[in-house]
Structures are given as structure tokens and as C-alpha cells.
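Here is the structure we will look at.
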Amino acid sequence: MFIPPIHPSQIAAPSREIYAYMGDDNVIAMLRDFYRELEKSPIRGMFSADMQAAADKSALFFIGLLGGPPLYHNKYGNPMMRARHMPFSINQAGRDEWLACFNRVLDRAVEKYSFPSQHLAGFREFLSGFSLWMMNSE
Ligand code: HEM
């Protein structure tokens, strides 16, 4: 078992202003495009067949994270993301692929989903740190 050399409290959360610029529809569209990238990636096999359902479930989490209503929390309880990722073996290579997929989507996020450009670097930083927290395998 790989234990990341960090604690989640050391990872700065993304700005909670982001949701106010984007709204539900743009967060959902961004996550659907992210899952389309995952679908084409070498880690596709980790994910369920129904990528749109998986994207929409993840979008509920990101809506809350970015400052919107706690939809994921209300529906599924405490996110406990590291624990929820334990059924999957996530190593450095998997983390890199996951991040590359998200970063490709973020390259177009200002124009496509009204992502506020002043918060883009902070969000990329958060994903980098939090994805390290998700690693559970060497
Ligand atoms: C480090 C690389 C990561 C990998 C390889 C990975 C992989 C996965 C997989 C395989 C699932 C299950 C999807 C399904 O049911 O089809 C999942 C779910 C999810 N992941 Fe990740 N993940 C990673 C990082 C992250 C990070 C950094 C976040 C948040 C910032 C995140 C948020 C989520 C959410 C919200 C779900 C849905 C949870 C649920 O099913 O209740 N993941 N992830």
C-alpha cells in the first residue's frame, strides 16, 4: 500500500467563487468532456462502461467543491475520496494519465465552460495535489 507523503489539509482547496461563474451546466459539461478524455486514455479500463453516468456523478462532487450546493454530499454522504478510490489501484502512471486528461480539458475551459481564468492555475494546483492524495499503489 502506497501512503502519500502529504495530508489533504496541506492541499489548498480551489476557489469557491468558481461555481458562481460557471453554474451547474458548465461544470457538468466540463466533467463530461473530462470523461471523454478518460475514455480515450490508457486508464479507461478502470472506469465503468457508462462513462456519462460516471461523469455526472463526479460532476455533483465538483459542483460542491467549486462553491455550489453540496449535491454529492447530500446524495452519497461524506466524500472520503481516498477511501472511495481504494478499490482501484492508482499509481504514479495512472495519476499522470488522469491529470493529463483533466489538464487537456482545462486548456479550453475558459472559452468552453466560462471557467474564471484567474482561478485556473489554482485549480490545476489543487488537482495535482489531490491526485497525489488519491495514490494507493507504487
Ligand atoms: C489520481 C488519479 C485518479 C484516478 C486514476 C481516479 C480513478 C477513479 C475511478 C476508477 C473512479 C470510479 C469511476 C467509475 O465508477 O466508473 C473514480 C471516481 C471518482 N473520482 Fe477519481 N481518480 C483519480 C483522482 C481523482 C481526484 C484527484 C478527484 C477529485 C479531485 C477524483 C474524483 C472522483 C470522484 C468525485 C469520483 C466519483 C466517486 C463515486 O463513485 O462516488 N478522482 N475515480
Side-chain angles (χ1 to χ4, degrees):
M1 159 83 65
F2 172 80
I3 312 279
I6 47 156
H7 186 268
S9 63
Q10 296 167 255
I11 305 161
S15 168
R16 295 186 56 80
E17 283 181 12
I18 297 170
Y19 174 80
Y21 288 89
M22 297 179 70
D24 291 340
D25 289 351
N26 277 316
V27 178
I28 292 167
M30 182 172 78
L31 268 293
R32 285 188 181 176
D33 284 345
F34 170 51
Y35 273 73
R36 282 190 196 103
E37 291 292 328
L38 288 172
E39 195 150 21
K40 293 183 275 177
S41 82
I43 58 171
R44 196 266 171 268
M46 292 171 68
F47 291 85
S48 61
D50 187 348
M51 288 300 249
Q52 185 160 318
D56 290 352
K57 188 177 184 189
S58 279
L60 297 184
F61 171 81
F62 280 89
I63 285 169
L65 178 73
L66 300 179
L71 304 176
Y72 183 93
H73 200 284
N74 291 346
K75 204 164 169 189
Y76 302 108
N78 193 332
M80 299 182 306
M81 277 297 151
R82 183 169 157 80
R84 284 188 202 259
H85 284 74
M86 280 301 170
F88 314 103
S89 176
I90 302 177
N91 62 13
Q92 183 65 53
R95 175 193 176 207
D96 289 345
E97 294 293 350
W98 187 96
L99 270 177
C101 288
F102 219 133
N103 279 320
R104 272 198 295 280
V105 168
L106 290 180
D107 288 343
R108 307 184 301 270
V110 174
E111 315 84 74
K112 278 188 89 174
Y113 328 106
S114 303
F115 196 106
S117 55
Q118 68 275 26
H119 294 310
L120 199 51
F123 186 53
R124 287 189 200 269
E125 246 337 88
F126 165 80
L127 292 177
S128 172
F130 206 67
S131 59
L132 174 59
W133 179 240
M134 232 48 67
M135 278 178 57
N136 52 32
S137 158
E138 292 286 351

Quick one, Asn74 and Leu60 - any side-chain contact, counting heavy atoms below 4.5 Å? no
Are Met30 and Lys112 close enough that some pair of their side-chain heavy atoms sits under 4.5 Å apart? no
Using a 3.5 Å distance criterion without hydrogens, assess whether the side chain of Arg124 forms a donor-acceptor pair with backbone atoms of Asn103. yes
When you look at CD of Glu125, are more than 12 heavy atoms from neighbouring residues, nucleotides or ligands closer to it than 6.0 Å? no
Give a yes or no on whether the backbone of Gly94 and the side-chain of Glu97 come within a donor-acceptor separation of less than 3.5 Å. no
With heavy-atom distances below 4.5 Å as the criterion, would you say the side chains of Tyr19 and Pro69 are in contact? yes
To the nearest 0.5 Å, atom CG of Asp96 lies from atom OG of Ser41 at 12.0 Å
If you measure from CD1 on Ile43 to CZ on Arg95, what distance do you get to the nearest 0.5 Å? 12.5 Å
Which atom names give the shortest non-hydrogen contact between Arg44 and Ala49, and what distance separates them? NH2-O, 3.4 Å
Measure the shortest side-chain to side-chain distance between Met81 and Trp133 over non-hydrogen atoms and say whether it is less than 4.5 angstrom. no
Met135 and Gln92: which non-hydrogen atoms are nearest, and at how many Å? CE-N, 3.5 Å
Work out which heavy atom in Ser58 is nearest to a heavy atom in Leu31; give both atom names and the distance. CB-CD1, 3.9 Å
Distance from Met134 atom CE to Ile90 atom CD1, nearest 0.5 Å? 7.0 Å
Assigning hydrophobic clusters by single linkage (Ile, Leu, Val, Met, Phe, Trp, Tyr; side-chain heavy-atom cutoff under 4.5 Å), is Ile3 placed with Met86? yes
Is the shortest side-chain heavy-atom distance between Tyr72 and Ile63 below 4.5 Å? no
Got a donor-acceptor contact below 3.5 angstrom from the Ser131 side chain to the Ser128 backbone? yes
Is any side-chain heavy atom of His119 closer than 4.5 Å to a side-chain heavy atom of Glu17? yes
Pair Phe123-Phe130, ring pair (Phe, Tyr, Trp, His ring centres under 6.0 Å): steps then yes or no: CA-CA 10 Å; Phe123 186 53; Phe130 206 67; over 10 Å; no
Taking the side chain from Arg32 and the backbone from Asp56, do they hold a donor-acceptor pair closer than 3.5 Å? no
Looking at CE of Met1 and OG of Ser89, how far apart are the two atoms once the value is rounded to the nearest 0.5 Å? 9.5 Å
Please give me the minimum heavy-atom distance between Phe126 and Ala12, naming the atom from each residue. CD1-O, 3.4 Å
So does Gly64 get a backbone contact from the side chain of Arg16, meaning a donor-acceptor N/O pair under 3.5 Å? yes
Report the distance from atom CG of Leu127 to atom CG of Leu99, rounding to the nearest 0.5 Å. 6.5 Å
Without swapping roles, check the side chain of Asn26 against the backbone of Phe115 for a donor-acceptor pair under 3.5 Å. no
Run the ring-centre check on Phe34 versus Trp98 and record whether the distance is less than 6.0 Å. yes
To the nearest 0.5 Å, what is the distance between CZ on Phe2 and OG on Ser137? 9.0 Å
Between Arg104 and Glu37, is there a donor-acceptor pair closer than 3.5 Å when you use the side chain of the first and the backbone of the second? no
Heavy-atom closest pair, residues Ile6 and Gly129: CD1-O, 3.7 Å
Assess the side chains of Tyr113 and Asp33: does a donor N or O sit below 3.5 Å from an acceptor N or O? yes
Given the rule in the ring pair (Phe, Tyr, Trp, His ring centres under 6.0 Å) test, do Phe47 and Tyr35 qualify, once you have shown the distances and angles that lead to the verdict? CA-CA 9 Å; Phe47 291 85; Tyr35 273 73; 5.7 Å; yes
Is the ring centre of Phe61 less than 6.0 Å from the ring centre of Tyr76? no
Any chance CG of Asp25 has more than 12 other-residue heavy atoms, nucleotides or ligands included, within less than 6.0 Å? no
Keeping Asn136 on the side-chain end and Asn91 on the backbone end, is there a donor-acceptor pair under 3.5 Å? no
